[in-house]
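This one's a predicted model, so the numbers in the text were calculated from it and none came from an experiment. Counting starts at 1 for both ligands and their atoms, following the listed order.
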Amino acid sequence: MTTVQPFVPPPYPYDRLDDLKAAGGAHPGGLVDLSIGTPCDPPPRFVVDALAQSGTERGYPASVGSPAYRGAAADWMGRRLGVAVDPADVAACVGTKELVAGVPQWLRLRRPDLDTVLYPAISYPTYAMGATLAGCRAVPYRSFADIDDDDARRALCVWVNVPGNPTGELVDLGAAAAWGRSHGVPVLSDECYVEFTWDGPPRTILEHGPDGVVAVHSLSKRSNLAGVRAGFYAGDGELVHYLSEVRKHAGFMVPGPVQAAAVAAWSDDQHVQDQRLRYRNRLEAMRVALASIGVDAPMPAGAFYLWAPAPGGDAWGLARRLAEQGGALVSPGEFYGSEATDHVRVAVVQPDDRIALVAQRLAAAG
Ligand SMILES: Cc1ncc(COP(=O)(O)O)c(C=O)c1O
């Protein structure tokens, strides 16, 4: 008889930073939190107004998203990413983290004979956690060539993330789509940082056609709306339909007022342009601050993180130094995979004057 071990939730990564938080918080002027990638800038006023004025509070919202929601998402993809998407192949999610965490169990309902989730070796931790929560195997890969044939045969899906968290990398989505199709594995492409692509145009896996692929998008980062929880997934009609039907039975719904606000947000690009400038300036300012203590963090190809190599490969050491000397809280690389223990991730999600304060502290210490 096999013994099934009970699942014990591990400590949430950011809860492991309490000591560093205390060290950073001892600075006059307080802690500058550059750990979690949570936006600090305001969303547009008209989006917040739409939340209050939709009149949608009384009835249940459509789980798949209202026609306006799906239409606004499809229009945005056409306008910004250059792909024609049928709104019928778009479905709402309550922010994307719940979808990322939940999708392995739903795909397993569709293919009970499979049990594996493939995910990038250095990545957002929820890809692996979703597999674990579904009782599946979470198998990291470094490149598509690196994926074992047996793992590919057992795979429910493979995740890609462009631009990638934490590295900012832009992996080849055409190659990802081709690999998935040749192995019969659905490719899920997390594109929540797409508007913050710095090297070249923003890109989506749907440029390579919808068959067997699903793009996942969020308003959290694009429009500084992490607090309202709005996202969508789009692509292969059969996959989107299957997932949205299962999710409807389970009661996943983006609240009506949020759907109305999301329509306003997806329909406007100016606020995103303003946000891009803010992040670019902060990335540059933070690079200079790190350089003042001898840390050379390259400008990322996308997203709003610096992926900084730690001197001597000691990420916790660098995180401690940044907390003690800079009053800044950053994330040690191991949060993003066992191969990432020699970097720290610095999220430039604090106002300019707070980033300048870190720079001053480090310059004074260094
Ligand atoms: C790569 C990636 N995917 C998904 C998410 C989840 O974002 P949300 O649930 O707010 O849409 C995050 C949040 O940090 C992320 O970094």
S.K.: What residue pairs, at least two apart or across chains, pass ring-ring contact (aromatic ring centres under 6.0 Å, His included) with a residue in residues 244-287?
M.R.: Trp76-Trp266, Trp106-Phe252, Phe196-Tyr279, Phe232-Trp266, Tyr279-Phe304
S.K.: Could you list the cluster mates of Tyr60? Members are the ILVMFWY residues connected by side-chain heavy atoms closer than 4.5 Å, either directly or through other members.
M.R.: Met253
S.K.: When you check the gap from the basic side-chain N to the acidic O, do Glu98 and Arg247 get nearer than 4.0 Å?
M.R.: yes
S.K.: Hey, which residues fall under 4.0 Å of ligand 1 on heavy atoms?
M.R.: Gly95, Thr96, Lys97, Tyr124, Tyr127, Asn161, Asn165, Asp190, Cys192, Tyr193, Ser218, Ser220, Lys221, Arg229
S.K.: Between Arg278 and Asp274, does any side-chain N to carboxylate O distance fall below 4.0 Å?
M.R.: no
S.K.: Do Glu324 and Arg321 meet the salt-bridge criterion of a basic N to acidic O distance under 4.0 Å?
M.R.: no
S.K.: Which other residues end up in the same hydrophobic cluster as Leu20, if Ile, Leu, Val, Met, Phe, Trp and Tyr are linked when side-chain heavy atoms come under 4.5 Å apart?
M.R.: Tyr12, Tyr14, Leu17, Leu31, Ile36, Ile122, Trp307, Trp316, Leu329, Phe335, Tyr336
